[in-house]
Amino acid sequence: NQNRNRNMRGVVTLIIWALVLTVGFNYLNAYNRNATNKSTSHEIKYSEMLDLIENDKAKEVLFKDDAIYITPVEGYTYTEEQDEGSNVPAKSYTQSKDTKLTLYTAYLNDTSLLPLLKEHKVAYTGYYEAQMNPVLAFMVSYILPTLIFVGLLMLLLGNTTVCRGLLLLTAVLHTALSVKLAADVSGGLHPQALAGLLAPDALGTLFLVLASVLFLVASVYGVGYLRDEALITERTSILDGRAFTNAPERRFTACLCFFLSAMTLVTTTRHLGALWVGIEITTLSSAPLIYFHRHKQSLEATWKYLIICSVGIALALLGNILLSVAFYEPGVPPVESMDQVEAFRHLARQRAEALAVLDAPQSAATYLPWLKAAFIFLLVGYGTKMGLAPLHNWLPDAHSQAPSLVSGLLSGALLNCAFLGILRGHQIMLGAGLGDAAQYVAPVEHTGAAVDYQVVGREVGGKVRAGNHIDP
């Protein structure tokens, strides 16, 4: 036993020494590597990297190991930040053939970085999408499919107790994740999913949280509302006295889940096509909610809602098409970015800066009429869904015939989704310099049926272009 114990102590001692030597060797190796690279590799802020690219001071960019490594152009001088109160002068390092200087920063999932690199013709290698934000990943991988699955499950099971419980549980979980996602976005993160199809920003998450909280409140109220409705044995219309029945509760709760999933898509995407699809799904999923009480008046309100809103959605689709026409250039590949809002804003800003040049040709302004027409169609189309006059006829009937919780969702969530579509179009108009109140268009010459317009005092990118004529 004593020999066995001595042998065991010897083995443990060897293992401990091996661990100590391994840790010490790795530490010394890392220390020497850091000391070697200290004079050639320096960490900078992400904003400083963007300034390097915009000022054409970056030669090459490498994406590797959750970091971005920037090789400056030859002759660039980097000066270290001097500690406050320190008397030691700050060191400077200059990029040259003999001295290789590398700057690095943390990788952020910034969708505007790649277009910026292409614009300034900066070579890049190893570009990849950062890992998806875990909250958004959970929402995409579980919440959106779960909302659809729960809705289908409600249709199949039909148990009222199960449907009400699933509805309340889904609302609570969705609200918690929406608030967490909004906090991440407000903290500077740029989460993405589905190859950038879902990329919520501060504006979208604001509408997402509003819709989610309102849905939670409506669900809590809806559980009691549905329970009371189930106790009523005879129902008669207060208008004509005819008896009517309610739609199956499982269909009502399932459509609520489909409605929430569509609003989630609208508020988390910056792809104009996906936004349009989401708003159309909100129309189809909310129509059965209006027809919960099955009588003549609710049926009329539902059909009016479907027909008028479908006309508006069709006009909004035409607005999306006109946006693509406005930025079309022969021989230039179309916009392939999932973040169409930012891509169109970038193109609009480039066109506006080109127009700011005093000797810009008239052909440079040919996109403006298409862009203005696109926004008009977006405004009228989504404005119809929002209930803006004169295409607001569906709104009074739908709100008066729908259950109170559905009316609240239509007012506080559905209309906001349509308003978000209008705001996306307005963001693109701002990129083109058409959102400035100081800019106006004045007719200066009539030539038959054609009218020339003069752009007065448009300020774009710090330059003022006045007195140039464009063809409307």
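Just the heavy atoms: all of them, side chains too, but no hydrogens, waters or symmetry mates, feed the values below. Numbers here are sequence positions counted from 1.
Taking both residues in full, the closest heavy atoms of Ala316 and Leu378 are given as O-CD2, 3.5 Å, listed atom of the first, atom of the second, then distance. The heavy-atom pair separating Leu306 from Ala287 by the smallest distance is CD2-CB, 3.7 Å. Summarising the geometry of Val185 relative to Pro200, their closest heavy-atom pair is CG2-O, 4.0 Å, with the distance given to 0.1 Å. When all heavy atoms are compared, the tightest approach of Val266 to Gly278 is CG2-C, 3.4 Å.
Within a 6.0 Å sphere centred on CZ of Phe377, heavy atoms belonging to other residues, nucleotides or ligands number 12 at most. Heavy-atom contacts from other residues, nucleotides or ligands closer than 6.0 Å to OH of Tyr225 number more than 12.
Of the inter-residue distances, the one linking Thr161 atom OG1 with Leu226 atom CG reads 11.5 Å to the nearest 0.5 angstrom. Rounded to the nearest 0.5 angstrom, Leu371 CG and Leu347 CG are separated by 11.0 Å. The distance from atom CD1 of Ile290 to atom CG of Leu410, rounded to the nearest 0.5 Å, is 5.5 Å.
Looking at Thr282, its side chain does come within 3.5 Å of a backbone N or O of Ile279 through a donor-acceptor pair. No donor-acceptor pair closer than 3.5 Å links the side chain of His392 to the backbone N or O of Leu395. A distance-only check finds a donor-acceptor pair linking the side chain of Thr205 to the backbone of Ala202 [under 3.5 Å]. When atom types are taken as modelled, the side chain of His271 and the backbone of Gly273 share a donor-acceptor pair closer than 3.5 angstrom. Listed for the Ser298 side chain is no donor-acceptor partner under 3.5 Å among the backbone atoms of Gln401. Judged by distance alone, the side chain of Trp394 and the main-chain N or O of Thr384 form a donor-acceptor pair under 3.5 Å. Side chain of Ser411 to main chain of Ser407: a donor-acceptor pair is present (N/O by atom type, distance under 3.5 Å, no hydrogens or angles).
With sequence neighbours excluded, no residue satisfies salt bridge (Lys or Arg N to Asp or Glu O under 4.0 Å) with Glu54. Partners of His293 under the ring pair (Phe, Tyr, Trp, His ring centres under 6.0 Å) rule, at least two apart in sequence or in another chain, are Phe244. Residues passing the salt bridge (Lys or Arg N to Asp or Glu O under 4.0 Å) test with Glu249, sequence neighbours excluded: Arg164. Among residues two or more places apart in sequence or in another chain, the salt bridge (Lys or Arg N to Asp or Glu O under 4.0 Å) test is passed with Lys57 by none.
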Distance-only criterion, 3.5 Å: show the donor-acceptor pairs between side-chain atoms of residues 317-325 and protein atoms not counting sequence neighbours.
none

Side chain to side chain contact (heavy atoms under 4.5 Å, CB included) for Tyr291 and Leu299? Distances and angles first, verdict last.
CA-CA 6 Å; Tyr291 190 50; Leu299 180 61; 3.6 Å; yes

Begin from the C-alpha positions of Leu203 and Gln427 and carry the test side chain to side chain contact (heavy atoms under 4.5 Å, CB included) through to its verdict.
CA-CA 11 Å; Leu203 180 62; Gln427 288 179 322; 3.8 Å; yes

Output, in order, the C-alpha distance, side-chain angles, deciding distance and verdict of side chain to side chain contact (heavy atoms under 4.5 Å, CB included) for Phe258 and Ile281.
CA-CA 8 Å; Phe258 298 150; Ile281 296 176; 5.7 Å; no

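No hydrogens or angles considered: a donor-acceptor pair under 3.5 Å links the side chains of Thr264 and His174.
The salt bridge (Lys or Arg N to Asp or Glu O under 4.0 Å) pairs that include a residue from residues 189-203 are Asp201-Arg270, Asp201-Arg424, where partners are two or more places apart or lie in different chains.
Using a 4.5 Å heavy-atom threshold, the side chains of Phe215 and Leu405 count as separate. Val209 is not listed as a side-chain neighbour of Thr267, based on a closest heavy-atom distance of 4.5 Å or more.
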